Structure formats: structure tokens, C-alpha cells
Amino acid sequence: MLTSKQRAELRAQANGLDTTLMVGKGGVTEQVVAEAETQLEARELVKGRVLESALMSAREVLDALCEATGGEGISTVGSKFVIYRESERLKLERRQVGRAKIAPISVAKSNPVRKGAQARRKAARAERERRNEFFRQSAIEKSIEREKEKAKRREER
């Protein structure tokens with residue numbers, strides 16, 4: 001049994017689907033049920049249409065197909081209907097994809113823009129440190145010269 005949120009999500013997904021199952025004046029026959037089974041196994045979500053020549057309404061066709069295929073009715077609007085049934089094959093494929101995503105990726109992903117920005121920052125930091133060291137050394141040298149001049153003036157007095 002689907003919750004109303006799940007049903008709403010499936011209804012939203014069905015909006016973009018093409019109508020692939022047609023029910024004609026013969027109603028719900030063995031061929032229609034077999035085709036619905038095939039499509040449900042392949043896609044999980046099937047959109048169908050009841051032709052005007054059919055003697056059944058879309059709701060009646062939906063109920064009959066759900067009972068015959070074991071699917072769940074998602075919606076009926078006018079002459080169109082949507083059926084959902086989880087497919088075992090697609091379920092296994094989703095699990096395989098999920099496992100592949102969990103597996104660690106050995107290839108290191110790197111962002112070239114970030115690397116370039118990091119390299120520029122590193123170069124700017126090195127330049128600042130070099131400049132600071134230069135000014136520090138020149139300040140030390142000037143301080144030594146001043147001390148020498150002060151010592152010279154003291155001796156002259």
C-alpha cells in the first residue's frame with residue numbers, strides 16, 4: 001500500500017510519460033493484461049488510455065488491471081489512468097547502482113580552479129614572507145647603524 005506522498009510523487013512522474021497502454025472496445029482482455037504485465041515489469045509506471053469505443057470507464061479499467069496484475073492504481077483523469085507496480089528486475093538494478101556508488105573511488109578528483117587559486121595564494125604568501133624578511137633585516141641593520149652612531153657621539157662628548 002502506497003502512502004499519499006508516494007502516490008503524489010508517482011503522479012508527478014506520470015505527467016511526463018507517454019500513453020503506452022490502450023484499452024479498446026474489447027475491454028480488459030488477456031492481451032491487455034499481458035501487455036500491462038510486460039510494461040509494469042519493464043517500467044514500473046504505466047500510463048494508459050481507455051478509448052471512447054470501450055464500454056468501460058477509466059476507473060473500472062484501472063480496478064480490473066490492478067486486480068489482474070497486482071499493481072496499484074495511482075490516478076484516473078478523464079479517460080487516462082496510471083498503474084504502478086514495483087519491478088524486481090529494476091529493484092535489483094537500483095541496488096547494484098547503489099553499491100557502485102558506495103564503493104570507494106580510487107581516482108582522485110581534483111578541481112583545477114581550486115588548485116590554481118591555492119597555488120596563487122601560496123605564491124602570494126611566499127612573496128609576503130620574503131618581503132617581510134627583507135624589511136625585518138633592513139630594520140635590524142638600521143637599528144645597528146643607529147646604535148653605532150649613538151656610541152660614536154658618546155665617545156666624541
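These figures come from a predicted structure and were not determined experimentally. Only this structure's heavy atoms are used, side chains among them; waters, hydrogens and symmetry mates stay out.
Residues K148 and I144 are in side-chain contact: their nearest non-hydrogen atoms beyond the backbone lie under 4.5 Å apart. Between L21 and L65 the shortest side-chain heavy-atom distance falls below 4.5 Å. Proximity of R7 to E72: side-chain heavy atoms (C-beta onward) are separated by under 4.5 Å at one or more points. With contacts defined as side-chain heavy-atom distances shorter than 4.5 Å, the pair Q13/L45 qualifies. With a 4.5 Å cut-off on side-chain heavy atoms, R49 and L51 count as touching.
At a threshold of 4.0 Å, the pair K5-E9 does not count as salt-bridged, since none of the basic side-chain nitrogens sits closer than that to a carboxylate oxygen. For E149 and R146, the salt-bridge test fails: no basic side-chain N is under 4.0 Å from an acidic carboxylate O. Classification of E156 and K152 as a salt-bridged pair fails, no side-chain N sitting under 4.0 Å from a carboxylate O. For the pair R125 and E129, the salt-bridge criterion is not met [side-chain N within less than 4.0 Å of a carboxylate O].
For the pairing with L90, the side chain to side chain contact (heavy atoms under 4.5 Å, CB included) check across R43, R95, E41, E44 returns one residue only, E44.
Atom CD of E86 is separated from atom NZ of K91 by 4.5 Å, given to the nearest 0.5 angstrom. With rounding to the nearest 0.5 Å, the separation of OG1 in T69 from CD in E35 is 12.5 Å.
Both F81 and V33 are assigned to one and the same hydrophobic cluster, defined by single-linkage of ILVMFWY side chains at heavy-atom distances under 4.5 Å. Hydrophobic clustering keeps L10 apart from L62 (ILVMFWY residues linked when any side-chain heavy atoms are closer than 4.5 Å, directly or through intermediates). Under the 4.5 Å side-chain heavy-atom criterion for ILVMFWY residues, no single connected hydrophobic cluster contains both L40 and I74. In terms of hydrophobic clustering, with Ile, Leu, Val, Met, Phe, Trp and Tyr side chains grouped at heavy-atom distances under 4.5 Å, V82 and L17 are assigned to a common cluster.
In this structure, G78 and A58 approach most closely via the heavy-atom pair O-CB, 3.5 Å. Nearest approach of K47 to N15, heavy atoms of both residues: NZ-O, 3.8 Å. Between M56 and G27, the closest heavy-atom pair is SD-CA, 4.0 Å. Of all the heavy atoms in G73 and C66, the pair that sits closest is N-SG, 3.2 Å.
Although no hydrogens or angles enter the test, the distance criterion places a donor-acceptor pair under 3.5 Å between the side chain of Q39 and the main chain of T20. Under the 3.5 Å distance criterion, the side-chain polar atoms of S138 are matched with a main-chain donor or acceptor of F134. Side-chain N or O atoms of R11 include none that pairs as donor or acceptor with a backbone N or O of S75 at under 3.5 Å.
Within a 6.0 Å sphere centred on CD of E30, heavy atoms belonging to other residues, nucleotides or ligands number 12 at most. Heavy atoms of other residues, nucleotides or ligands lying less than 6.0 angstrom from CD of E67 number 12 at most. At most 12 heavy atoms of other shown residues, nucleotides or ligands fall within 6.0 angstrom of atom CZ in R114.
For the residue pair Q137/E133, the side-chain donor-acceptor check at 3.5 Å is satisfied.
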* Given the rule in the side chain to side chain contact (heavy atoms under 4.5 Å, CB included) test, do N132 and R136 qualify, once you have shown the distances and angles that lead to the verdict? -> CA-CA 6 Å; N132 287 343; R136 193 176 300 120; 4.1 Å; yes
